[in-house]
Amino acid sequence: MSFFFRAAYLLGFKPWDSGVPPPELVSVVEGPERLRPGKALDVGCGTGTNCIYMAQHGWDAAGVDFVPRAIAQARRKAAAAGASPRFVVGDVTRLTEVGVGAGYGLLLDLGCFHSIGDARRDAYVDGVTQVAKQGATMLMFGMVRRGEAGRVGPRGIARGEVAQRFASGWEIVSEDAGGPMFGNDTAWYRLRRR
Ligand SMILES: C[S@@+](CC[C@H](N)C(=O)[O-])C[C@H]1O[C@@H](n2cnc3c(N)ncnc32)[C@H](O)[C@@H]1O
């Protein structure tokens, strides 16, 4: 998947890069039941839109992505916006080794976990579990996995997979349908670190 994303950023093919934070994030940052700002981590942050947004709203924000070109763009966008989130080039399935630290109260994954190969997903979960503090909120958006036939886009998240993989350290607070993507269903998950 690394090759795909490197090529995508090189070619400027990044349909996910909307440039605006999703309402689900805005709700926990600015809504009536907003979280108290602390450390926030955007897992697979791309060009940094959501890190910049969180930093502009009082969060000590960091983002990690394994495509150097995306991180370079994120740094330029942050500088232009006068915001100072921290951006790290690294593999989110090796989160404890990439230097992002720990103690995060808010974690965001917009379309990263759903593209990771099955064999690395438990390592991803171990990493986010270790860097999150107790009571942390995690928001995750991903495509729901269909059969292999006619599949377009990322690998997706199987039904029940989040509950199963995150079972030991997290509880699922909510699971809501998102809009369609490439003709597939999507879902928003909100999790809470035990
Ligand atoms: C669909 S894009 C979404 C980017 C960003 N969250 C956004 O909403 O604009 C998925 C991102 O996850 C990154 N990514 C995928 N697998 C990764 C991994 N194992 N380690 C680090 N980044 C990864 C990709 O480089 C890409 O930027």
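Indexing begins at 1, ligand by ligand and atom by atom, following the structure's order. In this chain, numbering begins with 1 at the start of the sequence shown.
At a heavy-atom cutoff of 4.0 Å, ligand 1 is contacted by the side chain of F5 but not by its backbone.
Under a 4.0 Å heavy-atom criterion, S2 is not in contact with ligand 1. Residue contacts with ligand 1: Y9 is included, with a non-hydrogen atom under 4.0 Å away. Heavy atoms of A70 come nearer than 4.0 angstrom to ligand 1 in no pair at all.
Between F13 and F4, the ring planes are perpendicular. Angles over 60° get that label, and only those under 30° would be called parallel. The aromatic rings of F5 and W16 lie perpendicular to each other, with more than 60° between the two planes, well past the 30° mark.
The shortest N or O to N or O distance between V92 and ligand 1 is below 3.5 Å. At a 3.5 angstrom cut-off on N or O pairs, L110 counts as close to ligand 1. Between G111 and ligand 1, no N or O atom pair is found at a separation short of 3.5 Å.
Counting only distance, with no hydrogens or angles, the side chain of T93 and the backbone of Y124 share no donor-acceptor pair below 3.5 Å. In terms of modelled atom types and a separation under 3.5 Å, the side chain of D109 and the main chain of G111 share a donor-acceptor contact. K39 contributes a side-chain N or O that, together with a main-chain N or O of A102, makes up a donor-acceptor pair within less than 3.5 Å.
Put simply, the residue from K77, R69, R75 that forms a side-chain hydrogen bond (donor to acceptor under 3.5 Å, both in side chains) with T47 is K77.
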